[in-house]
Amino acid sequence: MASIAVSILALIASFLGYFLVQLRKNRLMIRKLQQAGLDMPANHSFLWGHLQQLGAAQKIYPPTASHDYGIKDLAQSFPNGMFYVDTWPFSVPLLIIATPTAANALQKYSPALMKPDDVNGPLDTLCAGSSMMTMPEDQWKQWRQLFNPSFSITYLTQLAPTVAAEVSIFCQKLREAAKKGKEIKLDPLASRLTIDVVGRISFGEPFGHQHRDNPIAATVRSQARWISFSPIVEPWTSLNPKRPFMNWYNNRLFKKYIGEVIDKRFAEVKNSPSSEKAKAKALLPAALESYISSARSNGQSPDHLDPKFKSSLISNMIVFMVAGHETSSTTICMCINSLARSPHDLSRVRAEHDAVFGPDTSTSHILSIVQQEPERLNRLPYTLAVIKETLRLYSPVSGIRQGTPDLSLPDDSGKLFPTSGMKIWTVHTAVHLNKRYWPEPEKFIPQRWLAAEGDSLYPAKGSWRPFEHGSRNCIGQALALIELKLVLVMTMREFDFELAYAEDDGEILGTKAWLSGNQGVGGTPCKEFPVKVSFAK
Ligand code: HEM
């Protein structure tokens, strides 16, 4: 008995010792930077680091609001756009980027820079293994090259009618809601749509999640609920004894469901005529064709898939589902929010749709035009301006990288900030609302995107980065823009949307539909975006 007590005491003592050593190490690292005159919030405390300052910045917002809002406010005190915050024990200290100067400099190192281990770990759990999001540069490069053709503008333009067909199912759901006149949550509907679109481009076959639960999509959603990026921030998920079992179980489901599709597709692709192979394809057949042709060119007969290749393919199929659905459904909701709040912009968007697609607003008419001439989607400058301005104000995700001893980044004055031992966090909301770069940053002004170079509204280079820049940017951005344009073209003239938040729901940037940061991998619309849909008058 006594020996158990001694062991427990020894365990507690070593945990305490480790805690104190780490506390000292992190606090001293910050003190050194402070002595070097580098920017950070005042009154750094040895006990609390900057947690009190962060807490105070976030306190003015509703409890579930994305932390990007508090960081954006803190950034106002650092006009040169960079500062450190000490958040230990939640994380190693953070170097916050709120300026395009440093974000552009960072992007040059981006292919080699990894995400921090405590971000990569949960992402790997989510994707049942290492995916493009977490792979080191050499592996990432091979997969990215393999998938790039499936995101070419030419291929995606050909795919626009298929995307439009998925959007028409979404419109049918809205019609049913408008007939009932009841309030609905729009985000779950938009999320099912975006899952179907990304499922189609990934697997090359209909997903049907808008009609009934697709097992792959349901597993992605479940696994996203059962990952945790920090035991301190999300203790209930992190320490829940059910979590390891759910992660393991979902992993098995992924291997079964996606494995079966891969095996079926592999058999088809192996036997398909070679003329088929030159065209851009959905991601899965494209990857399988490349595998088969490289095996053949090495004189091998590709009868079976190498288990390692198959496992990486499964993880990459999952990462497309993860990265491509919530980001896009959030943006659909936020675009609808932007237009519901701005009647002037709504009428300009409607007039543009009338001019490009004619006065017939029916889904069947728009579908037939998109089938015959998908390039018309390139003639919607005002709609695109609305989408870009919405993404500026409501960026669903940011970029995070692990700093290295040889990397220092410049702020707007040219002062260099070391990154060793830090996480580098490019906070898109802070860059996008930085008043040095954006006149009236908190206002929704789509005209910024139509302004000529030299005009005060003309956006500065690198100051808009919802999809990030550089070689490790968002591979799916062209698809997201096509999808968003189609949603707006097919809904804005047929429906009116009225926000259905409660009187006492809090506001951020003048709207109750702000981004919440407590679920999923990025920001999602607060309360799943409740609206009343009616037929447009
Ligand atoms: C509005 C919608 C979207 C936004 C705002 C968005 C944003 C981003 C951002 C900021 C990154 C870079 C993350 C980082 O560097 O840490 C990224 C990467 C990525 N996105 Fe998107 N995304 C969107 C839609 C999509 C779609 C539709 C797909 C898939 C079809 C997709 C697939 C990916 C993938 C696979 C990566 C990792 C790329 C790589 O590491 O090479 N995204 N996205």
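In listed order, ligands and their atoms are each counted from 1. Quick note: residue numbers are just sequence positions, from 1.
In terms of protein heavy-atom proximity, atom 11 (C) of ligand 1 is nearest to Cys474 CB, 4.0 Å. In this structure, atom 32 (C) of ligand 1 lies nearest to the protein heavy atom Ala323 CB, 3.5 Å. Counting protein heavy atoms only, atom 5 (C) of ligand 1 is closest to Pro466 O, 3.6 Å. At the top of the distance list for atom 36 (C) of ligand 1, counting protein heavy atoms only, stands Met133 CE, 3.7 Å. Atom 26 (C) of ligand 1 has Gly324 CA, 3.3 Å as its closest protein atom, hydrogens excluded (heavy atom only). The nearest heavy-atom contact from the protein to atom 34 (C) of ligand 1 is Ile475 CG2, 3.8 Å.
Close approach of ligand 1 to Lys115 is summarised as follows: ligand atoms under 4.0 Å from at least one heavy atom of the residue are 16 (O). The contact set between ligand 1 and Thr331, taken as ligand atoms under 4.0 Å from a residue heavy atom, comprises 1 (C).
Tyr437 and Asp412 form a side-chain donor-acceptor contact under 3.5 Å, judged by distance and modelled atom types alone.
Ring orientation note: the planes of Tyr61 and Tyr69 are tilted relative to one another, at an angle of 30° to 60°. Below 30°, between 30° and 60°, or above 60°: for His432 and His428 the angle between ring planes is below 30°, a parallel geometry. Using bins of under 30°, 30° to 60° and over 60° for the plane-to-plane angle, the ring pair Trp438/Trp449 lands in the tilted bin.
Of the protein's heavy atoms, none falls inside 4.0 Å of atom 13 (C) of ligand 1.
The closest non-hydrogen atom to atom 30 (C) of ligand 1, taken over Val198, Val197, Leu106, comes from Val198.
By the 3.5 Å distance cut-off applied to N or O atoms, Glu468 is not counted among the residues near ligand 1. Here's the thing with Trp140: one of its N/O atoms is less than 3.5 angstrom from an N/O atom of ligand 1.
Ligand 1 has no atom lying under 4.0 Å from any heavy atom of Phe147. In this structure, Met135 does not count as a contact residue of ligand 1, since none of its heavy atoms falls inside 4.0 Å of the ligand. In this structure, Glu483 has no heavy atom closer than 4.0 Å to ligand 1.
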Let me have the donor-acceptor pairs involving side chains of residues 379-386, under 3.5 Å, with sequence neighbours excluded, atom names and distances please.
unit_1 : atom_1 : unit_2 : atom_2 : d
Tyr382 : OH     : Asp345 : OD1    : 2.5
Tyr382 : OH     : Gln447 : NE2    : 2.9
Thr383 : OG1    : Glu352 : OE1    : 2.6
Thr383 : OG1    : His353 : NE2    : 2.9

Below 3.5 Å, can you tabulate the donor-acceptor pairs from side chains in residues 120-129 to any protein atom, sequence neighbours excluded?
unit_1 : atom_1 : unit_2 : atom_2 : d
Asn120 : ND2    : Lys115 : O      : 3.2
Asp124 : OD1    : Thr134 : OG1    : 2.7
Thr125 : OG1    : Gly121 : O      : 3.1

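When non-hydrogen atoms are compared, ligand 1 lies under 4.0 Å from neither the backbone nor the side chain of Thr330. With a heavy-atom cut-off of 4.0 Å, Met132 touches ligand 1 through backbone and side chain alike.
Heavy atoms only, all atoms of each residue included: Ile97 and Ile424 are closest at CD1-CG2, 3.6 Å.
The pair Glu205-Arg200 does not meet the salt-bridge criterion, since no charged nitrogen lies less than 4.0 angstrom from a carboxylate oxygen.
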